[in-house]
Amino acid sequence: MSTMQAPTGPRKRLSEVKTVRDLLPFVRASSIEDVSLYWLPVSEFPIGFRQRAWILEFLDQLNQELKQDKQSIETFLQLKFARTELNERFTNTLMEYRPMTGLMLAPGGALPHNLTSLEAKRLSESPGKDGTIDIDYLAPDYTAWFAGQQHREQRRDFFGAGE
């Protein structure tokens with residue numbers, strides 16, 4: 001069985017970088033050059049009510065500004081967080097938000113390898129102390145991209161649930 005490889009070499013930007021200045025409190029992701037990706041640090045996790053409200057309002061206003069330049073904010077959710085207290089809300093909004101599932105990979109990261117029969121045999125022969133087999137480390141992390149255009153509602157439902 002063949003293994004898919006991630007593209008090699010730097011990807012090219014589709015448009016020029018308009019600014020390289022600091023946009024505090026945002027931190028630019030330095031490992032990605034072909035898009036502008038910024039992190040917004042928070043003071044605590046889970047995010048406090050006031051900070052969450054400020055960030056959500058900021059993102060609403062940013063989205064309005066981006067629309068003028070024919071750009072948009074996209075919303076993603078790590079699917080492992082949909083298995084928490086968010087499960088019911090995630091399930092109830094499937095048809096409306098239209099999540100599209102995909103693998104999460106670090107920039108330049110390789111796709112996970114398939115489990116070989118030898119690895120499967122070793123796992124089955126060495127269960128944990130409680131008799132279970134831990135395969136979480138073998139499973140890649142998945143994300144949901146919300147293809148529906150209810151950005152504001154999606155952020156209010158799921159913002160701050162990740163790590």
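Residues Leu40 and Pro25 come closest through the heavy atom pair CD1-CG, 3.7 Å. Scanning both residues, Gln78 and Asp141, for their nearest heavy atoms gives NE2-OD2, 3.0 Å. Between Leu105 and Ala110, the shortest heavy-atom contact is CD2-O, 3.5 Å. Taking each heavy atom of Pro99 and Ala144 in turn, the nearest pair found is CB-CB, 3.8 Å. Closest of all the heavy-atom pairs between Pro41 and Gln51 is O-NE2, 4.2 Å. Across Ser126 and Arg122, no two heavy atoms sit closer than the pair OG-O, 2.7 Å.
Listed for the Asp69 side chain is no donor-acceptor partner under 3.5 Å among the backbone atoms of Gln71.
Gln149 and His151 form a side-chain donor-acceptor contact under 3.5 Å, judged by distance and modelled atom types alone. Checking Glu96 against Thr93 by side-chain atom types alone, no donor-acceptor pair falls below 3.5 Å.
Tyr142 and Phe146 fall within the same hydrophobic cluster, defined by Ile, Leu, Val, Met, Phe, Trp and Tyr side-chain heavy atoms under 4.5 Å apart, directly or through other members. When hydrophobic clusters are built by joining Ile, Leu, Val, Met, Phe, Trp and Tyr residues whose side-chain heavy atoms come closer than 4.5 Å, directly or via intermediates, Phe76 is not grouped with Val42. Grouping the Ile, Leu, Val, Met, Phe, Trp and Tyr side chains by contacts below 4.5 angstrom, directly or via other members, places Ile73 with Ile55. In the hydrophobic cluster analysis, where Ile, Leu, Val, Met, Phe, Trp and Tyr join through side-chain heavy atoms closer than 4.5 angstrom, Phe58 is grouped together with Tyr38.
Rounding to the nearest 0.5 angstrom, the gap separating the CZ atom in Arg52 from the CZ atom in Arg156 is 7.5 Å. If you take CZ on Arg155 and CG on Asp157, they are separated by 11.5 Å, rounding to the nearest 0.5 Å. Leu86 CG to Asn92 CG: the interatomic distance, rounded to the nearest 0.5 Å, is 12.0 Å. A distance of 8.5 Å separates OG1 in Thr75 from CG in Leu59, rounded to the nearest 0.5 Å.
The shortest side-chain heavy-atom distance between Pro112 and Leu103 falls under the 4.5 Å cut-off.
More than 12 heavy atoms of other shown residues, nucleotides or ligands fall within 6.0 angstrom of atom CD in Glu74. The number of heavy-atom neighbours closer than 6.0 Å to CE of Met100, taken from other residues, nucleotides and ligands shown, is 12 or below.
Among the candidates Phe158, Trp145, Phe90, the single residue satisfying the side chain to side chain contact (heavy atoms under 4.5 Å, CB included) test with Tyr97 is Phe158.
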Evaluate the side-chain hydrogen bond (donor to acceptor under 3.5 Å, both in side chains) criterion for residues Glu57 and Gln61: first the C-alpha distance (whole Å), next the side-chain angles of each, then the deciding distance (0.1 Å), finally the verdict.
CA-CA 6 Å; Glu57 179 61 28; Gln61 291 181 27; 2.9 Å; yes
